[in-house]
Novice: 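Please find one structure pasted underneath; my questions will follow.
Lettering follows sequence order; numbering is per chain, from 1.
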Amino acid sequence: MAALDRPVVKPRPVYLNLLAIRQPLPAVVSILHRASGALLFLIGIPLLLWTVERTLGTAEAWAAMRMTLGHPLAKLVLLLLAWAYLHHLLAGVRHLAMDLHWGMDLASARRSAAVVFVLALVLALAVAVRLW
Amino acid sequence: MVMRDRVVVGAHYGWRDWLVQRISAIVMALYTLLLLALLLWHGGLDYAAWKAIFGNGAFRLATFVFMMSLLWHAWVGVRNIAMDYAKPVGLRLAVQTVVIALLVAYAGWTIQLLWGGQLA
């Protein structure tokens, strides 16, 4: 009984302040993969379904939805979601490549992380140009 | 009754999730390319092109496969997030229940949109 009262794992100090650690780029790409996925689930899916519902009706409904999504705030949301989709897609392709043991060494992994990060931003910029 | 040939190595949930996440991702990537190609073929996105694209029965089926992949993919991802951050069992159960309810509702909404008569 006395033995069971003692904790099996001794509490040890953890020096893991996420804000103090300088994250390497692959770590940033990884957490953005998760954050963009959460964003696509929370806002992306319902907005996608709602938009399709609104745009498949009459030509007037289409025009009204265009107006709604043409609002500057709506455009910002669309841009954010476009970036989330692009980053999530590209980071996913990087994952699939690594599943095939392609680009597994540290230098390649860092390079591909940079490509994913920059390419998603560049393509999002193209979307922004198209939106405005 | 004697339990025989019972392999005690878990239920392979992790392996299944891993595979589902990748197959659904590939399906969604291919659908994205298909939609982009169709929009290019129609010469851009306007009301007529949109109606024509969704007026095609095969495209509606492809959209359904895409949405089912998306919802299943979202389930695996959100469940992973919930397991990482929602530690109390009650909270985790509540989050997962709400997420499942939402995803099932989205599936129903998808079917309603694609075959609910709006496109006929």
Novice: Check step by step if side chain to side chain contact (heavy atoms under 4.5 Å, CB included) holds for A:His95 and B:Arg22.
Specialist: CA-CA 9 Å; A:His95 254 299; B:Arg22 276 144 186 86; 4.3 Å; yes
Novice: Measure up the B:Trp50 and A:Trp62 rings against each other and bin them: parallel (under 30°), tilted (30 to 60°), perpendicular (over 60°).
Specialist: tilted
Novice: In this structure, are over 12 heavy atoms from other groups packed under 6.0 Å from A:Phe117 atom CZ?
Specialist: no
Novice: Could you tell me which portion of A:Leu89 (side chain, backbone, both or neither) has an atom closer than 4.5 angstrom to a non-hydrogen atom of chain B?
Specialist: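 Looking at A:Leu89, just its side chain touches chain B.
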Novice: Based on non-hydrogen pairs under 4.5 Å, which of A:Gly37, A:Gly57, A:Gly92 is most in contact with chain B?
Specialist: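 Of the candidates given, the most pairs with chain B belong to A:Gly57.
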Novice: Assess whether side chain to side chain contact (heavy atoms under 4.5 Å, CB included) is satisfied between A:Phe41 and B:Leu102, documenting all intermediate values.
Specialist: CA-CA 10 Å; A:Phe41 164 73; B:Leu102 269 176; 4.1 Å; yes
Novice: Run the side chain to side chain contact (heavy atoms under 4.5 Å, CB included) check on B:Thr63 and A:Val52 step by step: do they pass?
Specialist: CA-CA 11 Å; B:Thr63 303; A:Val52 169; over 6 Å; no
Novice: With clusters defined by side-chain heavy atoms of hydrophobic residues (ILVMFWY) lying less than 4.5 Å apart, directly or transitively, does B:Ile81 cluster with B:Trp75?
Specialist: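 No: no chain of side-chain contacts under 4.5 Å links B:Trp75 to B:Ile81.
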Novice: Go through the side-chain N and O atoms of B:Thr32 and A:Tyr85 and say whether any donor and acceptor fall under 3.5 Å apart.
Specialist: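 Note: B:Thr32 and A:Tyr85 side chains meet the donor-acceptor criterion.
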Novice: Assigning hydrophobic clusters by single linkage (Ile, Leu, Val, Met, Phe, Trp, Tyr; side-chain heavy-atom cutoff under 4.5 Å), is B:Leu70 placed with A:Val93?
Specialist: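 Shared cluster, no.
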Novice: Run the side chain to side chain contact (heavy atoms under 4.5 Å, CB included) check on B:Trp109 and A:Glu53 step by step: do they pass?
Specialist: CA-CA 9 Å; B:Trp109 194 357; A:Glu53 181 175 85; 2.9 Å; yes
Novice: Flag yes if more than 12 heavy atoms outside B:Trp41 fall under 6.0 Å of its CH2 atom; otherwise flag no.
Specialist: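 For B:Trp41, atom CH2 is not crowded (no more than 12 foreign heavy atoms under 6.0 Å).
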Novice: Would you give the length of the straight line joining atom NE2 of B:His73 to atom NE2 of A:His88, rounded to the nearest 0.5 angstrom?
Specialist: 4.0 Å
Novice: Would you compute the distance between atom OH of B:Tyr85 and atom CZ of A:Arg34 and round it to the nearest 0.5 angstrom?
Specialist: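 Answer for the OH-CZ pair, B:Tyr85 versus A:Arg34, is 4.0 Å.
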Novice: Atom CZ in A:Arg130, atom CG in B:Leu45: separation rounded to 0.5 Å?
Specialist: 7.5 Å
Novice: If you count every heavy atom of other residues, nucleotides or ligands that lies below 6.0 Å from B:Arg60 atom CZ, does the total exceed 12?
Specialist: yes
Novice: Measure B:Ala74 against the heavy atoms of chain A and call it side chain, backbone, both or neither at under 4.5 Å.
Specialist: side chain
Novice: When you group the ILVMFWY residues by side-chain heavy-atom contacts below 4.5 Å and let the links chain together, are A:Val115 and A:Leu96 in the same group?
Specialist: no
Novice: Identify whether B:Phe64 and A:Trp50 are in the same connected component of the hydrophobic contact network (ILVMFWY, side-chain heavy atoms under 4.5 Å).
Specialist: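 Yes, same cluster.
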Novice: With a 4.5 angstrom heavy-atom cut-off, could you sort out which part of B:Phe54 is near chain A: side chain, backbone, both or neither?
Specialist: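 Side chain of B:Phe54 only, per the 4.5 Å heavy-atom cut-off to chain A.
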Novice: With a 4.5 angstrom heavy-atom cut-off, is it the side chain or the backbone of A:Leu56 that approaches chain B, or both, or neither?
Specialist: both
Novice: As an exercise, state the distance from OG1 of B:Thr110 to CG of A:Leu49, rounded to the nearest 0.5 Å.
Specialist: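 Result: 4.5 Å between the selected atoms.
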Novice: With a 4.5 angstrom heavy-atom cut-off, which part of A:Leu40 approaches chain B: side chain, backbone, both or neither?
Specialist: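 A:Leu40 has no heavy atom closer than 4.5 Å to chain B.
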Novice: Please check if B:Met28 and A:Leu42 belong to a single hydrophobic cluster, counting links between Ile, Leu, Val, Met, Phe, Trp and Tyr side chain heavy atoms closer than 4.5 Å.
Specialist: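 As far as the 4.5 Å side-chain criterion goes, A:Leu42 and B:Met28 are connected within one cluster.
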Novice: Other residues, nucleotides and ligands only: do more than 12 of their heavy atoms fall within 6.0 Å of CH2 on B:Trp115?
Specialist: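 Yes, because the 6.0 Å sphere around CH2 of B:Trp115 holds more than 12 heavy atoms from other groups.
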